[in-house]
A.B. asks: 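Mind having a look at this structure? Questions to follow.
Atoms considered below: every heavy atom in the structure, side chains included; atoms not considered: hydrogens, waters and symmetry mates. In each ligand, atom 1 is the first atom listed, and ligand 1 is the first ligand listed.
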Amino acid sequence: MANNPQLDANGNLKHLLSIEGLPSDMITAILDTAEPFTEVAEREVKKLPLLRGKSVFNLFFENSTRTRTTFEIAAKRLSADVINLNVSTSSTNKGETLLDTVDNLVAMHADMFVVRHASSGAPHLIAQHLEATRRPNVHVVNAGDGRHAHPTQGLLDMYTIRHYKRDFTRLTVAVVGDILHSRVARSQIHALTTLGVPEVRAIAPKTLLPSDVERLGVRVFHDMREGLKDVDVVMMLRLQNERMTGSLLPSPQEYFKFFGLTEAKLALAKPDAIVLHPGPMNRGVEIDSAVADGVQAVILPQVTFGIAVRMAVMSMLARG
Ligand code: CP
């Protein structure tokens with residue numbers, strides 16, 4: 001496999017596995033490609049033929065509402081055939097390996113795999129396997145792997161920020177919460193730093209931060225009142241209870257007291273600050289309902305933009 005497994009020899013997008021390693025030009029190209037699709041995503045318009053005759057297989061080995069559904073909508077709007085593999089009744093439960101499942105689906109003429117998996121690196125493994133078995137026209141999109149990456153979430157978050165704030169190079173952005181277990185946070189931080197955001201803040205208790213988090217280019221805060229001061233964008237994260245081992249927090253109530261986003265804490269940010277959350281939200285744990293449903297929240301627009309961004313990624317993969 002080439003040095004950057006996501007790009008082909010001409011620099012076109014071949015797989016989307018992580019934002020780490022994507023040049024800023026490519027991230028910007030994806031956001032630009034998504035712009036005209038926003039209208040297609042928001043209104044009832046004719047389907048586009050960009051994936052006509054292609055088969056997109058959704059392989060979700062973990063739960064999902066937003067990502068799986070918006071990938072399906074996006075693929076259908078591009079005229080693809082979409083097959084949602086029901087993992088709970090698939091032959092992986094009889095001992096078939098992930099790569100044997102992939103080989104069988106390729107034999108059914110799969111053109112693209114959208115993969116969510118609890119194991120970090122699973123989409124990368126599939127991409128390597130396709131490369132090794134000489135299937136250069138089959139593409140892989142990572143829809144979230146373990147703690148590693150959730151690149152389309154990071155991209156739709158960048159699209160949302162650009163939509164409301166226009167210029168990345170003048171922003172202060174806070175990423176708040178369970179950064180240790182969050183693939184979303186890693187993708188967001190890589191995207192923000194690559195796009196030239198001058199100050200990315202990581203706000204979390206010490207127990208929910210990776211030990212080497214500063215190497216990602218963030219400024220660390222353990223006090224929300226300091227970290228939120230004068231920020232333009234607040235990106236909240238879900239507490240990833242399913243990935244926690246041991247007791248990293250005293251209680252959800254205690255967490256909410258110190259790291260939950262309330263109207264009082266949000267008032268420390270700039271008056272026109274926007275609030276993002278990737279969902280699913282734990283109301284009363286990481287975010288207060290008054291903020292989640294308030295005028296500064298752009299949480300539902302994020303979901304709608306996700307359709308356009310996923311259309312952009314799939315059309316660029318098919319084109320490349
Ligand atoms: N943000 C996100 O990945 O949501 P789902 O788990 O519902 O796909």
Side-chain angles (χ1 to χ4, degrees), residues 16-20 30-31 34 41 56-77 82-88 112-123 140-161 163 173 175-192 208 233-244 261 274-283 285-287 291-293 297-314:
L16 180 64
L17 305 174
S18 71
I19 289 185
E20 189 178 13
I30 295 170
L31 304 187
V56 175
F57 280 69
N58 272 332
L59 308 184
F60 277 64
F61 294 88
E62 259 191 4
N63 296 340
S64 171
T65 298
R66 281 144 288 268
T67 312
R68 199 199 62 73
T69 313
T70 52
F71 263 113
E72 180 170 353
I73 294 168
K76 286 181 172 168
R77 294 221 168 128
V82 183
I83 298 94
N84 293 307
L85 191 78
N86 188 344
V87 170
S88 64
M112 207 175 285
F113 292 108
V114 179
V115 183
R116 171 168 289 190
H117 205 286
S119 299
S120 298
V140 181
V141 184
N142 182 358
D145 63 327
R147 297 183 189 191
H148 171 233
H150 192 348
T152 57
Q153 180 69 47
L155 289 166
L156 76 88
D157 292 339
M158 296 310 112
Y159 188 96
T160 307
I161 293 172
H163 179 84
V173 178
V175 180
V176 186
D178 183 2
I179 295 169
L180 179 65
H181 301 99
S182 176
R183 56 196 177 206
V184 173
R186 258 166 276 277
S187 290
Q188 290 170 336
I189 291 169
H190 283 302
L192 291 165
L208 295 182
V233 180
V234 186
M235 306 182 84
M236 298 305 297
L237 298 170
R238 182 174 68 86
L239 270 188
Q240 313 264 303
N241 288 310
E242 72 276 21
R243 290 187 223 289
M244 287 189 196
L261 187 62
I274 54 171
V275 177
L276 288 79
H277 192 302
M281 279 188 289
N282 293 309
R283 290 170 183 261
V285 179
E286 69 255 357
I287 190 164
V291 176
D293 303 326
V298 295
I299 296 166
L300 294 178
Q302 277 177 271
V303 178
T304 308
F305 293 147
I307 299 173
V309 167
R310 287 166 178 136
M311 287 173 78
V313 168
M314 288 194 282

A.B. asks: Does any donor atom in the side chain of His277 or Arg238 lie under 3.5 Å from an acceptor atom in the other side chain?
C.D. replies: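 The criterion, which ignores hydrogens and geometry beyond distance, is not satisfied for Arg238 and His277.
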
A.B. asks: Side-chain contact test, heavy atoms from C-beta onward, threshold under 4.5 Å: evaluate it for Leu276 versus Ile161 and give yes or no.
C.D. replies: yes

A.B. asks: Ligand 1: which protein N/O atoms lie under 3.5 Å from its N/O atoms?
C.D. replies:
{"from": "ligand 1", "atom 1": "1 (N)", "to": "Gln153", "atom 2": "OE1", "distance (Å)": "3.1"}
{"from": "ligand 1", "atom 1": "1 (N)", "to": "Pro278", "atom 2": "O", "distance (Å)": "2.8"}
{"from": "ligand 1", "atom 1": "1 (N)", "to": "Gly279", "atom 2": "O", "distance (Å)": "3.1"}
{"from": "ligand 1", "atom 1": "3 (O)", "to": "Thr67", "atom 2": "OG1", "distance (Å)": "2.9"}
{"from": "ligand 1", "atom 1": "3 (O)", "to": "Arg116", "atom 2": "NH2", "distance (Å)": "2.9"}
{"from": "ligand 1", "atom 1": "3 (O)", "to": "His150", "atom 2": "NE2", "distance (Å)": "2.9"}
{"from": "ligand 1", "atom 1": "4 (O)", "to": "Arg66", "atom 2": "NE", "distance (Å)": "3.1"}
{"from": "ligand 1", "atom 1": "6 (O)", "to": "Arg116", "atom 2": "NH1", "distance (Å)": "2.9"}
{"from": "ligand 1", "atom 1": "7 (O)", "to": "Thr65", "atom 2": "N", "distance (Å)": "2.8"}
{"from": "ligand 1", "atom 1": "7 (O)", "to": "Arg66", "atom 2": "N", "distance (Å)": "2.9"}
{"from": "ligand 1", "atom 1": "7 (O)", "to": "Arg66", "atom 2": "NE", "distance (Å)": "3.1"}
{"from": "ligand 1", "atom 1": "7 (O)", "to": "Arg66", "atom 2": "NH2", "distance (Å)": "3.0"}
{"from": "ligand 1", "atom 1": "8 (O)", "to": "Ser64", "atom 2": "OG", "distance (Å)": "2.6"}
{"from": "ligand 1", "atom 1": "8 (O)", "to": "Thr67", "atom 2": "N", "distance (Å)": "2.9"}
{"from": "ligand 1", "atom 1": "8 (O)", "to": "Thr67", "atom 2": "OG1", "distance (Å)": "2.6"}
{"from": "ligand 1", "atom 1": "8 (O)", "to": "Arg116", "atom 2": "NH1", "distance (Å)": "3.4"}
{"from": "ligand 1", "atom 1": "8 (O)", "to": "Arg116", "atom 2": "NH2", "distance (Å)": "3.3"}

A.B. asks: Is any side-chain heavy atom of Val234 closer than 4.5 Å to one of Val291?
C.D. replies: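 Val291 does not reach Val234 side chain to side chain.
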
A.B. asks: Check Asn63, Asn58, Thr67 against Arg116 for a side-chain hydrogen bond (donor to acceptor under 3.5 Å, both in side chains) and give me the one that passes.
C.D. replies: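 The residue from Asn63, Asn58, Thr67 that satisfies side-chain hydrogen bond (donor to acceptor under 3.5 Å, both in side chains) with Arg116 turns out to be Thr67.
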
A.B. asks: Is there a side-chain contact between Leu237 and Leu208, using heavy atoms and a 4.5 Å cut-off?
C.D. replies: no

A.B. asks: Does atom CG (Asn86) have a neighbourhood of more than 12 heavy atoms from anything else shown, all under 6.0 Å?
C.D. replies: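 Yes.
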
